[in-house]
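Accompanying notes for the structure given below.
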Protein chains: 2
Amino acid sequence: MKRLLATLAIVMMTSAAPAVAQDQLIEDAKSYFEPIPTVVPAPKNNAITHDKVRLGKMLFFDPRLSSSHLLSCNTCHNVGLAGADGLSTSVGHGWQKGPRNAPTVLNALFNVAQFWDGRAEDLKAQAKGPIQAGVEMNSKPERVVEVLKSIPAYVGAFTEAFPGEEDPVSFDNVAKAIEAFETTLITPSSRFDQFLEGNTTVMTAHEKQGLQLFMDKGCVACHNGVNIGGNDYYPFGVVEQPGADILPRADKGRFAVTDTASDEYVFRAPPLRNVALTAPYFHSGNVWHLKQAVAVMGTAQLGEDLNDEEIDAIVAFLDTLTGEQPQVEYPLLPASTDTTPLPELMIAK
Amino acid sequence: MKRLLATLAIVMMTSAAPAVAQDQLIEDAKSYFEPIPTVVPAPKNNAITHDKVRLGKMLFFDPRLSSSHLLSCNTCHNVGLAGADGLSTSVGHGWQKGPRNAPTVLNALFNVAQFWDGRAEDLKAQAKGPIQAGVEMNSKPERVVEVLKSIPAYVGAFTEAFPGEEDPVSFDNVAKAIEAFETTLITPSSRFDQFLEGNTTVMTAHEKQGLQLFMDKGCVACHNGVNIGGNDYYPFGVVEQPGADILPRADKGRFAVTDTASDEYVFRAPPLRNVALTAPYFHSGNVWHLKQAVAVMGTAQLGEDLNDEEIDAIVAFLDTLTGEQPQVEYPLLPASTDTTPLPELMIAK
């Protein structure tokens, strides 16, 4: 019977369906979601210029921002892998495993704040974290500045990117330049965005059924806005906490940021753009398949055992969130000099 | 007195010097060196096609060729860092240190054979090494093929790159595609190449003095041809073996390949193109500065304590070997699927 109803639903949403139903679906979707804007909003206190973006791209790819000279931002936020790394949790300095799954850098500027717990208010604040984290790039602001000041081409690039500043090569400006580059890492023109802009034929009936379910079942309560998520905080396990493999009890999420009991196991709802490309899922990164992730969300957040047809349709909808990936020309990084600090591979005990 | 002579030598080679001296320097240089050819020679048994290069670029950047899904060819042969990694010896799976310094991939097709000991006859043979080495990418041919066959876009790309083959997704074809991409990683139009082609004003008098010394002192005996090295094997320490930090006694070089006593501590003369960008130096990678590397070569290979003026001039000449770096657009790597083997981070004991 369920299968019959699902089939009927599909039939109702084919191109033969009345225009009014299509219009209603778009109108409903537009009340929850927004396409990626053609003009990217400016980050706070960081005017975007060509020189700053160019410098930021160099820094994003430069492994000398890590103490080992082996790890760059791109190691875990690989622009060829939809801005993530495809690992459960990232691997950093000394092959140490980080505590959480690397969120994609793509479209990250549209998030309300950065990291799974929102502890960085924007991308320039975020950029400073992994560079210094002992399990990630393991460097220090002074070391980063020392490396960059030892390389004349970097000094020139900072001077151009931050004109008029007395001491342009600073850790703050490293972060600002990286943020500037990251504002270019957006994925417009997904099929869903085209649909939101009025192209009703770009999504299949099955995908539209998934969109309808996504809204009707309540997924949209947390996953909405430009990034279909990423814009507010919610408990993981509203109805029922998933197993400790998916929700390790030691990681209390936003509680560590706010020290507020109601924030235990609260996380920023992950943005779902390009989600089909960014397995594994959840902050713990132990769910490898999108279907399983959708099923977990059903039981944990909605108190509902979604059936296979529903899950398939929702996954089909999620596939339409894959946008045009950014085209990035690999930057040429200027050579180290006689005064550049040497790589440090040792692991602190 | 030495300084006076050096000054005199410089004066003699300024643009005011007789044309005949300039012509003689070019003629001498052309008897030892060749510019990077405008038509790259075809590798053996591997016709270069656009589809093959495109696939090879994806593979070169894809960390899923490693068992950890974290390390790619580009990790140690970073196209933004002149095709090397700037470490003494490379770091691979489990943060293990490899035994030797990573040679640059740039212009590698012009070398007589690959690796410091020449144990791979060409780039397709070379490519298979690090993918399987336990201290590098730590994968296996079967695993690599399993990963690639699990990703439809890769199956399509192999089918296009190897038309008419019954089983195009093979480890041999992985190596061939990577070789095809690597034939594009060349650095033409260095100032020295322009000089060889007749532009006598593109090098300064100081650089020309260095070139003259490079030939007169005998550096050219090992460092000649298109790659200014890379085309034959020589003992490290012809006259005097350097200290064990530079020439670790346990690594007997080509002896391990040929099992011939006369090949003890014999290595392929490193190609010197872009050498100013590829510190640290020697197979042990413990010399960080080019001046020191030149001095070591003087005592070890030529039995000569080069003075500071000579070293400065030779380093100035070596700086002219920096060519146009390849412009590489970061490839978009297709997503893993439900059947892709998961990353394996464990380190074998």
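Here is the naming used below: chain letters follow the sequence lines, and residue numbers restart at 1 for every chain.
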Q: Please flag which part of B:Asp338 lies under 4.5 Å from any non-hydrogen atom of chain A: side chain, backbone, both or neither.
A: both
Q. Between A:Tyr330 and B:Phe61, what is the ring plane arrangement, given parallel below 30°, perpendicular above 60°, and tilted in between?
A. tilted
Q) Roughly how far, to the nearest 0.5 Å, is the CG atom of B:Leu81 from the OG atom of A:Ser336? A) 7.5 Å
Q) In terms of heavy-atom pairs under 4.5 Å, which option from A:Gln325, A:Gln327, A:Met58 contacts chain B the most? A) A:Gln327
**Q.** Most contacts with chain B, counted as non-hydrogen pairs under 4.5 angstrom, among A:Leu277, A:Thr337, A:Val79
**A.** A:Val79
**Q.** Which portion of B:Pro326 sits near chain A, non-hydrogen atoms under 4.5 angstrom
**A.** backbone
Q. For the candidates B:Asp62, B:Asn74, B:Thr278, which exhibits the highest count of non-hydrogen atom pairs separated by less than 4.5 Å from chain A?
A. B:Asn74
Q | Residue pair B:Ala335 / A:Ala276: nearest heavy atoms and the distance that separates them | A | CB-O, 4.1 Å
Q. Passes side-chain contact (heavy atoms from CB on, under 4.5 Å), B:His93 versus A:Trp95? Steps please.
A. CA-CA 8 Å; B:His93 188 81; A:Trp95 210 253; 3.7 Å; yes
Q | side-chain contact (heavy atoms from CB on, under 4.5 Å) assessment of B:Leu87 paired with A:Leu70 | A | CA-CA 8 Å; B:Leu87 302 179; A:Leu70 186 64; 3.9 Å; yes
Q: Kindly indicate whether the side chain of B:Ser68, heavy atoms from C-beta on, has any atom under 4.5 Å from the side chain of A:Val91.
A: no
Q: Tell me, for B:Ala82 versus chain A, whether the close heavy atoms (under 4.5 Å) come from the side chain, the backbone, both or neither.
A: neither
Q: Using the side-chain contact (heavy atoms from CB on, under 4.5 Å) rule, take A:Asp85 and B:His69 through it: C-alpha gap first, then chi angles, then the decisive distance, then the call.
A: CA-CA 8 Å; A:Asp85 62 7; B:His69 293 197; over 6 Å; no
Q: Using the salt bridge (charged side-chain N to carboxylate O under 4.0 Å, His left out) rule, collect all pairs that involve residues 270-280 of chain A, keeping only residues at least two apart or in two chains.
A: A:Asp193-A:Arg273
Q: Work out which heavy atom in A:Pro343 is nearest to a heavy atom in B:Gly86; give both atom names and the distance.
A: CG-O, 3.9 Å
Q: Measure A:Leu345 against the heavy atoms of chain B and call it side chain, backbone, both or neither at under 4.5 Å.
A: both
Q) Which atoms of B:Lys291 come close to chain A, meaning under 4.5 Å heavy atom to heavy atom: side chain ones, backbone ones, both, or neither? A) neither
Q: Measure distances from B:Thr340 to the heavy atoms of chain A and classify the residue's part below 4.5 Å as side chain, backbone, both or neither.
A: neither
